[in-house]
Amino acid sequence: MTLDQFLAWEEAQPLRHEFDGWHPVAMTGGTDLHEAIGGTLRALLRERLRGKPCRVRGPTLKIEVQGRIRYPDAFVYCTPVPPGETVIREPVVVFEVLSPGTSRTDRIEKLREYQATPSILRYIILEQDSVAATVFAREGDHWDARVLTGGEILELPEIDAAIPLSDIYADVALPAPDQDAPA
(Lines give C-alpha, C1' and ligand atoms only; values in the text may rest on other atoms or scores of the structure.)
Protein backbone atom coordinates (compact mmCIF):
# COMPACT_ATOMS: atom_id res chain seq x y z
CA MET A 1 0.00 0.00 0.00
CA THR A 2 1.34 3.46 -0.84
CA LEU A 3 0.97 6.48 1.41
CA ASP A 4 -1.64 8.01 -0.92
CA GLN A 5 -3.59 4.72 -1.02
CA PHE A 6 -3.49 4.55 2.77
CA LEU A 7 -4.72 8.14 3.19
CA ALA A 8 -7.65 7.52 0.82
CA TRP A 9 -8.46 4.19 2.51
CA GLU A 10 -8.27 5.59 6.05
CA GLU A 11 -10.63 8.44 5.22
CA ALA A 12 -13.42 5.85 4.84
CA GLN A 13 -12.60 3.97 8.06
CA PRO A 14 -14.57 4.43 11.28
CA LEU A 15 -11.43 4.01 13.42
CA ARG A 16 -7.97 5.60 13.26
CA HIS A 17 -5.01 3.73 11.80
CA GLU A 18 -1.32 4.53 11.66
CA PHE A 19 0.63 3.60 8.54
CA ASP A 20 3.97 1.84 9.02
CA GLY A 21 5.07 2.38 5.42
CA TRP A 22 3.48 -0.85 4.17
CA HIS A 23 0.29 -1.63 6.09
CA PRO A 24 -2.41 0.05 8.18
CA VAL A 25 -1.99 -0.48 11.93
CA ALA A 26 -5.18 -0.14 13.97
CA MET A 27 -5.02 2.30 16.88
CA THR A 28 -6.16 0.74 20.11
CA GLY A 29 -7.98 2.56 22.87
CA GLY A 30 -5.95 4.11 25.65
CA THR A 31 -6.38 4.15 29.40
CA ASP A 32 -7.68 6.93 31.60
CA LEU A 33 -4.15 7.42 32.93
CA HIS A 34 -2.72 7.71 29.41
CA GLU A 35 -5.33 10.27 28.39
CA ALA A 36 -4.95 12.23 31.65
CA ILE A 37 -1.24 12.73 30.98
CA GLY A 38 -1.79 13.59 27.31
CA GLY A 39 -4.74 15.89 28.02
CA THR A 40 -2.90 17.82 30.72
CA LEU A 41 0.16 18.13 28.49
CA ARG A 42 -1.90 19.54 25.60
CA ALA A 43 -3.63 22.03 27.93
CA LEU A 44 -0.28 23.22 29.35
CA LEU A 45 1.19 23.60 25.87
CA ARG A 46 -1.92 25.42 24.61
CA GLU A 47 -1.57 27.91 27.49
CA ARG A 48 2.13 28.52 26.79
CA LEU A 49 1.62 28.90 23.03
CA ARG A 50 -1.25 31.40 23.29
CA GLY A 51 -0.46 34.40 21.07
CA LYS A 52 2.44 32.63 19.36
CA PRO A 53 2.53 31.19 15.81
CA CYS A 54 2.88 27.55 16.96
CA ARG A 55 -0.08 25.25 17.68
CA VAL A 56 -0.46 22.06 19.72
CA ARG A 57 -2.52 19.15 18.40
CA GLY A 58 -3.09 15.47 19.05
CA PRO A 59 -4.10 12.75 19.36
CA THR A 60 -6.69 12.85 16.56
CA LEU A 61 -4.66 14.75 13.94
CA LYS A 62 -1.98 12.83 12.09
CA ILE A 63 1.57 13.67 11.09
CA GLU A 64 3.58 12.37 8.15
CA VAL A 65 7.10 11.20 8.96
CA GLN A 66 9.35 9.33 6.56
CA GLY A 67 6.44 8.17 4.37
CA ARG A 68 4.54 6.93 7.42
CA ILE A 69 1.49 8.24 9.24
CA ARG A 70 1.50 8.60 13.02
CA TYR A 71 -0.96 9.91 15.61
CA PRO A 72 1.22 11.27 18.43
CA ASP A 73 -0.36 11.95 21.81
CA ALA A 74 0.64 15.60 21.28
CA PHE A 75 2.72 17.58 18.81
CA VAL A 76 3.50 21.17 17.99
CA TYR A 77 3.78 22.67 14.51
CA CYS A 78 4.64 26.24 13.57
CA THR A 79 3.82 26.51 9.86
CA PRO A 80 0.43 27.65 8.56
CA VAL A 81 -1.90 24.88 7.36
CA PRO A 82 -5.33 25.09 5.70
CA PRO A 83 -8.23 24.65 8.18
CA GLY A 84 -9.38 21.40 6.56
CA GLU A 85 -5.94 19.77 6.60
CA THR A 86 -5.82 16.25 8.06
CA VAL A 87 -2.06 15.62 7.82
CA ILE A 88 0.61 17.87 9.32
CA ARG A 89 3.89 17.46 7.46
CA GLU A 90 6.23 19.72 9.45
CA PRO A 91 5.84 18.99 13.17
CA VAL A 92 8.53 20.60 15.35
CA VAL A 93 8.07 18.88 18.74
CA VAL A 94 6.46 15.45 19.19
CA PHE A 95 5.25 13.74 22.39
CA GLU A 96 4.32 10.12 23.03
CA VAL A 97 2.93 8.75 26.30
CA LEU A 98 4.23 5.22 26.77
CA SER A 99 1.88 2.29 27.04
CA PRO A 100 3.01 -1.29 27.64
CA GLY A 101 1.87 -2.30 24.15
CA THR A 102 3.54 0.63 22.34
CA SER A 103 6.84 0.91 24.21
CA ARG A 104 8.97 -0.75 21.52
CA THR A 105 7.33 1.23 18.72
CA ASP A 106 7.68 4.54 20.60
CA ARG A 107 11.26 3.95 21.76
CA ILE A 108 12.69 2.46 18.55
CA GLU A 109 10.56 2.76 15.40
CA LYS A 110 9.06 6.20 16.03
CA LEU A 111 12.36 7.49 17.42
CA ARG A 112 14.06 6.59 14.13
CA GLU A 113 11.23 8.07 12.06
CA TYR A 114 11.17 11.30 14.05
CA GLN A 115 14.96 11.64 13.95
CA ALA A 116 14.85 11.24 10.15
CA THR A 117 12.24 14.02 9.80
CA PRO A 118 14.10 17.35 9.40
CA SER A 119 11.34 19.53 10.89
CA ILE A 120 11.27 17.58 14.19
CA LEU A 121 13.70 19.16 16.61
CA ARG A 122 12.60 17.44 19.84
CA TYR A 123 10.90 14.14 20.69
CA ILE A 124 9.67 13.54 24.23
CA ILE A 125 8.58 10.15 25.56
CA LEU A 126 6.53 10.47 28.75
CA GLU A 127 6.34 7.54 31.15
CA GLN A 128 2.88 6.42 32.20
CA ASP A 129 3.79 4.87 35.54
CA SER A 130 6.11 7.53 36.99
CA VAL A 131 6.93 11.23 36.70
CA ALA A 132 9.64 10.83 34.09
CA ALA A 133 10.45 11.65 30.49
CA THR A 134 13.12 10.83 27.95
CA VAL A 135 13.92 13.87 25.84
CA PHE A 136 15.63 13.55 22.46
CA ALA A 137 16.86 16.87 21.05
CA ARG A 138 18.40 17.55 17.66
CA GLU A 139 21.82 19.17 18.06
CA GLY A 140 23.12 19.86 14.56
CA ASP A 141 23.66 16.50 12.86
CA HIS A 142 23.18 14.37 15.97
CA TRP A 143 20.65 13.81 18.75
CA ASP A 144 21.20 14.17 22.47
CA ALA A 145 19.13 12.15 24.95
CA ARG A 146 18.33 13.22 28.49
CA VAL A 147 16.13 11.72 31.19
CA LEU A 148 14.00 14.04 33.34
CA THR A 149 12.31 13.11 36.61
CA GLY A 150 10.29 14.67 39.42
CA GLY A 151 10.95 18.35 39.89
CA GLU A 152 12.86 18.98 36.66
CA ILE A 153 11.74 21.39 33.94
CA LEU A 154 10.96 20.23 30.41
CA GLU A 155 12.67 22.89 28.31
CA LEU A 156 11.27 23.41 24.81
CA PRO A 157 13.41 26.19 23.28
CA GLU A 158 12.17 25.40 19.75
CA ILE A 159 8.77 26.77 20.70
CA ASP A 160 9.92 29.15 23.47
CA ALA A 161 8.22 27.21 26.26
CA ALA A 162 9.07 25.36 29.45
CA ILE A 163 6.90 23.10 31.61
CA PRO A 164 7.71 21.63 35.01
CA LEU A 165 7.47 17.89 34.50
CA SER A 166 5.48 17.58 37.72
CA ASP A 167 2.76 19.85 36.21
CA ILE A 168 2.13 17.33 33.43
CA TYR A 169 1.41 14.68 36.08
CA ALA A 170 -0.35 17.00 38.59
CA ASP A 171 -3.82 15.49 38.16
CA VAL A 172 -2.65 11.92 37.68
CA ALA A 173 -2.97 9.16 40.26
CA LEU A 174 0.17 7.14 39.53
CA PRO A 175 0.35 3.47 40.45
CA ALA A 176 2.13 2.71 43.70
CA PRO A 177 5.72 1.57 43.23
CA ASP A 178 6.22 -2.20 43.26
CA GLN A 179 6.81 -3.15 46.90
CA ASP A 180 8.83 -6.21 45.91
CA ALA A 181 11.22 -4.40 43.59
CA PRO A 182 14.81 -4.01 44.83
CA ALA A 183 15.71 -0.49 45.89
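In what follows, every heavy atom counts, from backbone to side chain, and hydrogens, waters and symmetry copies are set aside. In this chain, numbering begins with 1 at the start of the sequence shown.
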Nearest heavy-atom pair of A116 and P118: which atoms, and what distance? O-CD, 3.4 Å
Main-chain N/O of K110 paired to E113 side chain as donor or acceptor, under 3.5 Å: no
Mind checking what makes side-chain contact (heavy atoms from CB on, under 4.5 Å) contact with L165, not counting sequence neighbours? L126, V131, A133, L148, I168, Y169
Taking atom CZ as the centre, does R112 end up with more than 12 heavy-atom neighbours from other residues, nucleotides or ligands that are less than 6.0 angstrom away? no
With D20, which residues qualify under salt bridge (Lys or Arg N to Asp or Glu O under 4.0 Å), at least two apart? none
With sequence neighbours excluded, residues passing side-chain hydrogen bond (donor to acceptor under 3.5 Å, both in side chains) with R55: none
Taking every non-hydrogen atom, the tightest pair across P91 and S119: O-OG, 2.7 Å
Co-membership, hydrophobic cluster, residues W9 and F19, 4.5 Å side-chain: yes
Minimum heavy-atom distance A74-V56, with the two atoms named: CB-CG2, 4.5 Å
Quick one: does T149's side chain have a donor or acceptor within less than 3.5 Å of a partner on A132's backbone? no
Do R42 and E47 meet the salt-bridge criterion of a basic N to acidic O distance under 4.0 Å? no
Spacing of L45 atom CG and R48 atom CZ [to the nearest 0.5 Å]: 7.5 Å
Among Ile, Leu, Val, Met, Phe, Trp and Tyr joined by side-chain contacts under 4.5 Å, find the other residues sharing a cluster with W143 and list them by chain and number. L61, I63, V65, F75, Y77, V81, I88, V94, L98, L111, Y114, I120, Y123, I125, F136
Steps toward side-chain contact (heavy atoms from CB on, under 4.5 Å) verdict (F95, L41): CA-CA 9 Å; F95 299 84; L41 170 67; 3.5 Å; yes
Could you work out, with side-chain contact (heavy atoms from CB on, under 4.5 Å) as the rule, every residue matching D144, not counting sequence neighbours? E139, H142
How long is the straight-line distance from CG of L121 back to CD of Q115, given to the nearest 0.5 Å? 12.0 Å
Quick one: CG on D167 to CG on L154, what's the gap to the nearest 0.5 Å? 10.5 Å
Could you tell me whether the side chain of E127 and the main chain of D129 form a donor-acceptor pair under 3.5 Å? no
Verify same cluster id: I163, V93 (apolar side-chain graph, 4.5 Å): yes
Membership question, hydrophobic clusters at under 4.5 Å side-chain separation (ILVMFWY): are W22 and F6 in the same one? no
Examine R16 relative to Y71 and say whether NZ or CZ is less than 6.0 Å from the centre of the six-membered ring and inside a 45° cone about the ring axis. yes
Here the gap from E109 atom CD to R68 atom CZ, rounded to the nearest 0.5 Å, amounts to 8.0 Å
Separation between CD1 of I124 and CD of E96, rounded to the nearest 0.5 Å: 10.5 Å
Are any of the side-chain nitrogens in R146 or E155 under 4.0 Å away from the carboxylate oxygens of its partner? no
Only counting residues at least two apart or in another chain, list the ones meeting side-chain contact (heavy atoms from CB on, under 4.5 Å) with T86. K62
Of all heavy-atom pairs linking V76 and C54, the shortest is CG1-CB, 3.7 Å
Mark yes or no for whether T40, through its side chain, and A36, through its backbone, hold a donor-acceptor pair below 3.5 Å. yes
I'd like to know if the side chain of R138 reaches the main chain of R122, judged simply by a donor and an acceptor atom lying under 3.5 Å from each other, with no hydrogens or angles considered. no
What one should report as the nearest heavy-atom pair of V147 and E152 is O-OE2, 4.0 Å
Report yes or no: do M1 and L3 belong to one cluster of Ile/Leu/Val/Met/Phe/Trp/Tyr joined by side chain heavy-atom distances under 4.5 Å? yes
Check whether any side-chain N or O of K52 sits under 3.5 Å from a backbone N or O of A161 as a donor-acceptor pair, and report yes or no. no
